[in-house]
Protein chains: 2
Amino acid sequence: MRPSKNAAAPETAPRGFFASAVHAGIKKNRSAPDLTLIYSEAPRTSAAAVFTTNRVIAAPVRLSRQHLHASHGRARAVVVNSGNANACTGRAGWDCALRTASATAQILGIRLEQVLVASTGVIGVPLRARFITSQLVALKQHLSPAGMKDAAWAIMTTDTFPKLCSRATTLNGTKVRVAGIAKGSGMIHPRMATMLAFIMTDAAVEPADLQRMLKAAVKESFNRISVDGDTSTNDTVIALASGSAGVAVKSGTPAGTRLQTELTALCHALAQMIVRDGEGAKKLVTIEVRGALTAGDADRIARAVANSPLVKTALAGSDPNWGRILCAAGYSGARFDPDKVDIRLNSLFLCRDGANTRFNEAAARRELDHDQLTLRLDLHQGRASARFWTCDLTREYITINASYRT
Amino acid sequence: MRPSKNAAAPETAPRGFFASAVHAGIKKNRSAPDLTLIYSEAPRTSAAAVFTTNRVIAAPVRLSRQHLHASHGRARAVVVNSGNANACTGRAGWDCALRTASATAQILGIRLEQVLVASTGVIGVPLRARFITSQLVALKQHLSPAGMKDAAWAIMTTDTFPKLCSRATTLNGTKVRVAGIAKGSGMIHPRMATMLAFIMTDAAVEPADLQRMLKAAVKESFNRISVDGDTSTNDTVIALASGSAGVAVKSGTPAGTRLQTELTALCHALAQMIVRDGEGAKKLVTIEVRGALTAGDADRIARAVANSPLVKTALAGSDPNWGRILCAAGYSGARFDPDKVDIRLNSLFLCRDGANTRFNEAAARRELDHDQLTLRLDLHQGRASARFWTCDLTREYITINASYRT
């Protein structure tokens, strides 16, 4: 278990938010919390969300999308369970999500469409609503501003540590807080993954602005990480803005830009925690591409290198096999001249002008033994660049995933 | 070591072809052959080839492409080494490939552009031409019609068994033979991989027709398999037609259609051997998609399922996790209604109308424990279908690839 480095400190917890968690019997392990409720006391809390791009969409994602639309971007509660994704569960799965939201609305005294739901875990196994609905009164009773850490534990599946982060800044003379929790850790891929994240701020932001800001933040963070290249049916990032700090923030203003920066940094920190905790991963690897002709080319190369099983297994074995990196760039679809490419491991040149530099093998292995490293590709073709984060592919990934359901 | 099921029997060896193999010192293991020469005695032997689509192209691939062009599709010798891919080796790598071809032409008394070369192995390490050129006289001396099996051994890298196949048919009253050798076994992916295959026939086929037939055969075989989703810098499939059987075959004639069928069946058998011998693989898995709206949709789904690390690890663990299969279909980009999908493991329904069938878990595990199985997706959207072959992703894949260079 690696500790979370960014546990939400009380002074940076956004005002107006409460959370609690319980073990509801969805996970087999009775000591593991598997159900959490996040609640905002402000009646006009804004909500925004980014969901999976998979065509197979879990029931909770469909219901949350419908509620966000019906409420015009206002939501006050999020109910999340782990241990069962409620995906590919047919009509019964939809009914389960609806009953969960409906019971939550009744117990909290809010409108149905103000409740969002999310699930993560095994696909294709029926989820019984009663497991969840029977715990809602207890969850309401235990709601607390300090409950976010429990919530971070309750949304974990194969994660080995809870992921929390919080930040604070001063906007128009008033302190504003941004915090979030997230879970990985398989099926992590650009354009979302089995990845849940719940972001809160006590700034007042109109729903359309919040949606715009969230989308921009996700693009630079959760959409630039890769664990295994699979995209899940349940991906959800929800942002809530309570307004409890008493500062209204609009997109396009200096305060809006500041809030965007905080939001992006928060998502970025959570995304890095997800990669660091990738299934079986031991290393956090940054892929930096520069000198590309276009941003699209830079992006394609960074993604291809980040997703290559051969690159990722070489990283696991501390093998400075730069040929696989260049090879992945080659099949990415990007335009470049292989004979001009430089590849560096941190600052050590492995390849210059597309060929071996006769680098010091022992030195390269020492760099690769660290748990954080950067692979830098310079194409010398233009000025575009891109960054991406990935992890090594280890035997533990196979062990974890070969018998996930049992 | 699993035995090759289709060793080329003497009576089906195409007439006019000779081969030999030696250990040239490129591989560290002295008992492993790493260099082979394939030779056709017929002066007008036709040649065709399909090469990697990677933008990073190894020197031997560039040279062979140039020679095929210069000779208008006539070639009489192929020199292949394993242990070093001669890729990302700059100007020196090109010179090495050229010196190899040049020395071969001189020793065999044929024109330079009649020599094709291929390499497979580690990327980015200089390959010394002298290792190869010093062995050419010995290779010529040992040329034999029975040498094809030695050639199949000499092109292996992490393959665990040599891959040979031969077939015979009667065209216009005369027996015609088709045979081939191939190697895998990592970086295997649709649109070619570190995959070499050399196909021979003693039918007389004009170069343009041979190219057309080879392309069609590759599309249905080597381009429909996946081991790990990486595409190599060195992929090469070469076909040679000696004409020694004394039958001329043209595309579009009944005999041409028959030869095409034989060629496709041969490539298909070799492709299946490659998947069966995928790095660390224990199972050969056929993905069958039917009921798609378009052939493109069927193809996208079959590829996505075949490439999903989560599907492949579940197969390794005999876990009937059909949710991952449906999930991969969902992110493939194909259009379909998830609520109409049926998924079968061999004939056992795991999922009907997108939801669990409450299948017998023990029975499903027994089916998954076999080393050959079929996953069938029926979309119930239209009439298009596609097939693909993949293998399971095991911990041995990681072990093999984490320290390939050492």
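Letters A, B, ... mirror the listed sequences (proteins, then strands); counts begin at 1.
A/P338 and B/R55 get closest at one heavy-atom pair: CG-O, 3.5 Å. Summarising the geometry of B/L326 relative to A/V56, their closest heavy-atom pair is O-CG2, 3.3 Å, with the distance given to 0.1 Å. The heavy-atom pair separating B/A355 from A/G90 by the smallest distance is CB-N, 4.2 Å.
With B/N356 contributing its side chain and A/G124 its backbone, the two residues share a donor-acceptor pair below 3.5 Å.
With a threshold of 4.5 angstrom between heavy atoms, B/A85 does not approach chain A through any atom at all. Proximity to chain A is absent for every atom of B/R91, based on heavy atoms less than 4.5 angstrom apart. Looking at B/T394, the atoms closer than 4.5 Å to chain A (heavy atoms on both sides) all sit in the backbone: N, CA, C or O.
Atom CZ of B/R62 has more than 12 heavy atoms from other residues, nucleotides or ligands within 6.0 Å.
Taking CD1 from B/I325 and SG from A/C88, the interatomic distance works out to 10.5 Å, rounded to the nearest 0.5 Å. From A/S332, atom OG reaches atom CG of B/N54 across 8.5 Å, with rounding to the nearest 0.5 Å. In this structure, CG on A/L310 lies 8.5 Å from CD1 on B/I123, to the nearest 0.5 angstrom.
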